[in-house]
Amino acid sequence: MRVNFLMHRTSMNKRFPEYKGLDLAKVNKDILKLWDENDAFRKSVRDLDGKGEFVFYEGPPSANGIPGIHHVMARTIKDAICRYKTQCGYEVKRKAGWDTHGLPIELGVEKALGITKEDIGTKISIIDFNKACKKDVMKYTDQWEDLTRMMGYWVNMDHPYITYDNRYIETLWWLLKQLHSKGVLYKDYTIQPYSPAAGSGLSSHELNLPGCYRDVKDTTCVALFKVVRDARSEFLFRHTDTNDVHIMAWTTTPWTLPSNTALAVGKEIHYLKVRSFNPYSGEPITAVIAKDLLHSMFPEANVGLHFSEYKPGDKKIPYKVLEEFPGINLEGISYEQLIDWVRPDQGAFKVLTGDFVTTEDGTGIVHIAPTFGADDYKIAKQFGVPPMTLKRKDGSVGPMVDKKGFMVPITDLDDQFVKERVNIQTYTPYAGRPVKNEYDSSIAPDADTLDVDIAVMLKQSGKVFRIEKQVHSYPHCWRTDRPVLYYPLDAWFIRTTAFRERMIELNNTINWKPQSTGTGRFGKWLENLVDWNLSRSRFWGTPLPIWVTEDRKEEKCIGSASELKEEIEKSIKVGFMKKNPLEKFIPGDNSQENYEKFDLHRPFVDEIILVSQSGRKMFREPDLIDVWFDSGAMPYAQAHYPFENRENFAGMFPADFIAEGVDQTRGWFFTLHAIAVMISDSVAFRNIISNGLVLDRNGNKMSKRLGNAVDPFSTIEEHGSDPVRWYMLTNSQPWDNLKFDAAGIDEVKRKFFGTLYNTYSFFALYANIDNFRFAERDILVNMRPEIDRWIISLLNSLVKEVGECYENYDLTRAGRAIQDFVTENLSNWYVRLNRKRYWGGEYDQDKIAAYQTLFQCLETVSRLAAPIAPFYMDQLFLDLNATTGRHTDESVHLAVFPEYDPDLIDKDLEERMDIAQKISSMILGLRRKVSIKVRQPLAKIMIPLPDKNFRTKFEAVKDLVMAEVNVKEVEYIDDTSSILVKKIKPNFKTLGPRYGKLMKDLGNAIQVLTQAEITSFETSGKHLLMLNGQHVELTREDVEIISEDIPGWQVANDGRLTVALDVTVTDELKYEGIAREFVNRIQNIRKESGYDVTDKIRVQIENHKFVREAVKRHAGYIGSQTLATEVTLSDNPGTGSREVEIDEVLVKVHVGRVS
RNA sequence: AGUCCCGUAGCUCAGUUGGUUAGAGCGCUACACUGAUAAUGUAGAGGUCCCCGGUUCAACUCCGGGCGGGACUACCA
């Protein structure tokens, strides 16, 4: 069983803890307990050596949803960076926060209560509804806190910022007042997505819920708008024989045609005047269409048809292009109203020019219905063209379609208006009809739509050129399943466009990871910025703090609770209000109690009536603000700025670092940036990592519906959070999508943590046996053996690299570098080659150096990897230090990040070891080829010298290689030796630029050089060639010459290295081999017999002729390796002996413990 | 529809200013090794570097155009 490490730290039992196995889930729990006991997180939030603060902003999650595995991803990134900065000595405060307002919460409550929006205020009071929201929003707080704790995300949850808190709202109001006083907060009438079936506007978020955009088949038509002949349009009537000229415009929503008040063309687009026939009536027509789209209406195949042969009803219709002109010529031309149901205000029916017009589809001319399209509304406003509006009986003025999605019934209209403007005869058949059949459940699904009837009506009056059904994607209300309508509504906006340039400028100073999200997705978004629609017609959210008089002439924006209190007092004085809801509020007292004496939410604020400058009543604008404003304002609001933290705000803003999913680009990232630029003319964050999605292992999006979502709790419970974190960060760069596969976690666990654990276990096992406590003075690195200096050099290189990666917010490379060092260099090479230094032998300087070196590597790795794997690394760090007292910190997270010593980095040494590894690997490969076991010693290897310095380099690592491959000697072969077969390769890098097109032939010519030519090239350093009549002079740099083969030997190549192996096994070598076989067999017997590693034994070997000589000669060696006090030959090894097989010979061996 | 990201071995990913044998790990097969042993080594099989064009002596790499996957944004008629 493992030693209870909590115990041993407090006891005097100074041993390195040894474990029976690696259970990272248990480590997770143990370390959590330890952190709690030591109050580790709180202690880690400190400023070391005046390093100052590293400001991190936590994006507030909404606690009304269950946390998913993707949250582990984002939080691992945040945590790793914050832990790293903490280790560097910075104070990293990390205030947690909760996003508590907004639509998802309201919808969740509606669902739970079984109500719809319309029921709020009737079936349930707003008070009760908001109460339910407030309660619901923290529904899963426990789960969030659990996950945060389990995964080891250090964030201060003691005093989180909560967006529904009155103090938080007060800051939001203050911010809004700043914007209001800058004149960038305004109300406007705009076209917004609206669900007639649900009776409410929809946010863009709702419109982007999965499945909202659906392909639907709608009737589309190309309408013919008759041009009014006047001076401006006269040019259209030239060179044609028809009395009328028509402009063609395509629409997918014919029901908007009665609301048409303008047409739009592109200034730069070229248009044609075409003479042809109306396909339905056969009447001759002259029509205007964009040049690029001519053939979509008039097939090219018909160009040769003769007008004289055309008969009405013919499928193929002749046409003739009469004239070409740019769109600008059409600007200002008037046309006759297409459908005369209602007459709009003066100034309608003009051709306008707009940038948004393209020639991708339709006719290159856009029908404009300002009441039903965003672009339409904008361009009409710009050119002063009136929208089609109707006056209702109640005096209100609105579009031709009512809020239920029906053409306004005549009975609903103002009588006077009907008399003056409405053509009762033509409008009556259509009045009161739904614009989409889905809005009227009494209509059969296959009944003709209003679109169809309008199209048919136009056809009968010769005003349409083409009618066809077309499939296009159209948004649907996710709640009612009915199509969305674009409808004009009132809304408050922030004029973000006024700050566009500055936002772009400041964005360029932000360090984005990955960069492309900053310049691409975010940058493009800023360039195409539109004003921020702040209004939400909902209930649970931050109310807009604006009061206006009924005639909207006077407006007041409230910026604080105390201001509100004062204004209410004034209102009470004039008798508009009886009581002040903020009566008990004490301005200046920032305590929670003081701010809980009132409520800034609806409906309480709605009941507040203020008094205007001129003494009239002012009512609050009923809207709430977009929740994204809540979260984007968190740098200010979490500090209750400027009511608190006024002086030290500079130390809290902007953030040095934030991290969230890339889906927040247009969300939190934008709102943070926008508000900071508008309020403080500053960035909100300096460095940012935006991570990609966490998909399932097949690359599909995780969803509860599909059941492929990974539960973070059980995942961490099963594996522990370290390997999950490690896997997530090292598998791929966080901004690439992660295909989450639990098999990957297992691999990380085995490969990295398993290896590291094994390495530690190995160390602990022998250190405990030898009683190594790092009590000795550090042995100077240059006094340690080559291999120790090598791993220390690599370790210092690693510290440098990992530090640079962390500094650069590149966690993936940092983790990969650490993993590579541990598995490849430390475990697989250093420990493997050094095992013999640890077991047996004297406790001498060499052994101490070995312990010190390995200790140093492990301890440094624990500090390097702690940001990513906080649990296991803390255990490792504590296990190492509790025993030795090298570091006295209570946790690795309180220890400083390692520094590297450039003097200890020896690139030559690293290169030498690389050579050693390669040569060893080649020799082992050769042994395998000729089937000679590594246990069988061999006499020698030969190495051709690839360059002058090679011999010196290899000599330094020779012993390591010889031991590793079990060979006794090395012989170097001089470069010019004739026994070598050489290979020559062209160096394209130097030759390419010089010889260009000749390169291909030259390459071939070089590769066919003979051995003699190569030798002469090598000695003279020059070679001349004739190629395609051109002289080519080659120098040594132009080619690479390697020794490829030594005829008659076993030879292997790797790049420039070549090695040959002498595979002759002499009798003497054979005896040695047999001796080694015995060592192996005896060790196995020891193990099987359950002896302790330190037990001494006695060995008797059967006096078999096959092994007799070997045992005689090497008894001492066998004994030393197996801790045998004596190794003897015996004719009868006695009872308890075992038979072992050596080279297919069976030999009896008796092993007995010395008691 | 637009913008951005991704596309390299069965899987997950590297691939450095373009340079000729495109790598690693996992998985698979075979053989070794063994007092770190739920490890390790060696070898084998496995690639049209998504496709097509262009630039170049030379393209996985640079450019253009497609295709496929994903995200975000979106009433362009």
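Letters A, B, ... mirror the listed sequences (proteins, then strands); counts begin at 1. Just the heavy atoms: all of them, side chains too, but no hydrogens, waters or symmetry mates, feed the values below.
- The gap from the P atom of C31(B) to that of C49(B) amounts to 34 Å, rounded to the nearest Å.
- Atom name P, nucleotides A45(B) and C57(B): the rounded distance is 36 Å, in whole Å.
- A donor-acceptor contact shorter than 3.5 Å is absent between the side chain of Arg466(A) and the backbone of Cys221(A).
- One finds a side-chain N or O of Lys739(A) lying less than 4.0 angstrom from the OP1 or OP2 phosphate oxygen of U12(B).
- Within the 4.0 angstrom heavy-atom criterion, only backbone atoms of the sugar-phosphate kind lie near Arg750(A); the bases stay farther away.
- A24(B) sits 31 Å from C63(B) when the C1' atoms are compared, rounded to a whole Å.
- Nucleotides G23(B) and U48(B) place their P atoms 15 Å apart, quoted to the nearest Å.
- The residue among Phe762(A) and Tyr377(A) whose nearest nucleotide of RNA chain B is located toward the 5' end is Phe762(A).
- Residue Ser761(A) is out of contact with every strand shown, counting any heavy-atom pair closer than 4.0 Å.
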Evaluate side-chain hydrogen bond (donor to acceptor under 3.5 Å, both in side chains) for Asn768(A) paired with Glu18(A), printing each intermediate quantity in order.
CA-CA 9 Å; Asn768(A) 284 336; Glu18(A) 291 177 44; 2.7 Å; yes
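- The residue among Asn828(A) and Val831(A) whose nearest nucleotide of RNA chain B is located toward the 5' end is Val831(A).
- Atom CH2 in Trp512(A) sits about 14 Å away from atom P in C5(B), given to the nearest Å.
- Atom-to-atom, CD of Glu824(A) to C1' of C26(B) comes out at 14 Å; the value is rounded to the nearest Å.
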query: Under the side-chain hydrogen bond (donor to acceptor under 3.5 Å, both in side chains) criterion, do Thr256(A) and Thr253(A) qualify, and how do the steps go?
result: CA-CA 6 Å; Thr256(A) 62; Thr253(A) 51; 3.2 Å; yes
Exercise for the section: Decide yes or no on side-chain hydrogen bond (donor to acceptor under 3.5 Å, both in side chains) for Asn260(A) and Tyr335(A), but give the supporting numbers first. Expected result: CA-CA 11 Å; Asn260(A) 169 280; Tyr335(A) 61 90; 2.5 Å; yes
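- Rounded to whole Å, the C1' atom of U56(B) lies 16 Å from the corresponding atom of G64(B).
- Checked against a 6.0 Å centroid threshold, the rings of Phe763(A) and Phe16(A) count as neighbours.
- For A36(B), one of the phosphate oxygens OP1 or OP2 lies less than 4.0 angstrom from a side-chain nitrogen or oxygen of Tyr766(A).
- The distance between atom CG of Leu756(A) and atom P of A39(B), rounded to the nearest whole Å, is 16 Å.
- A30(B) and U20(B) have their P atoms separated by 36 Å, with the value rounded to a whole Å.
- Side-chain N/O atoms of Asn731(A) include none lying less than 4.0 angstrom from OP1 or OP2 on U12(B).
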Between Ile191(A) and Asp376(A), is a side-chain contact (heavy atoms from CB on, under 4.5 Å) present by the stated rule, with each step listed?
CA-CA 9 Å; Ile191(A) 311 299; Asp376(A) 306 42; over 6 Å; no
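- Per the geometry, CD belonging to Gln733(A) stands 11 Å off C1' belonging to C13(B), to the nearest Å.
- Straight-line distance from the CG atom of Asn1080(A) to the C1' atom of U37(B): 14 Å, rounded to whole Å.
- Neither OP1 nor OP2 of A36(B) sits under 4.0 Å from any side-chain N or O of Lys20(A).
- Closest approach to the Arg813(A) side chain among G25(B), G35(B), G15(B) is made by G15(B) (side chain taken as heavy atoms from C-beta onward).
- Within 4.0 Å of Arg816(A), counting heavy atoms only, lie sugar-phosphate atoms of the nucleic acid but no base atom.
- For A36(B), the base has a donor-acceptor partner in the side chain of Ser827(A) [N/O atoms by modelled type, under 3.5 angstrom].
- For an aromatic pair to be called close, the ring centres must be under 6.0 Å apart, and Phe372(A) with Trp255(A) satisfies this.
- Only the C1' atoms considered, C28(B) is 28 Å distant from G69(B), to the nearest whole Å.
- Pairing for C62(B) is with G54(B), a Watson-Crick or G-U wobble pair whose two hydrogen-bonding atom distances lie under 3.5 Å.
- Note on Arg1086(A): every side-chain N or O is 4.0 Å or more away from OP1 and OP2 of G35(B).
- Rounded to whole Å, the separation between the C1' atoms of A22(B) and A38(B) comes to 34 Å.
- Nucleotide A71(B) is matched to U3(B) when pairs are restricted to Watson-Crick or G-U wobble geometry with both distances under 3.5 angstrom.
- For U12(B), the OP1/OP2 oxygens have no side-chain nitrogen or oxygen of Ser732(A) closer than 4.0 Å.
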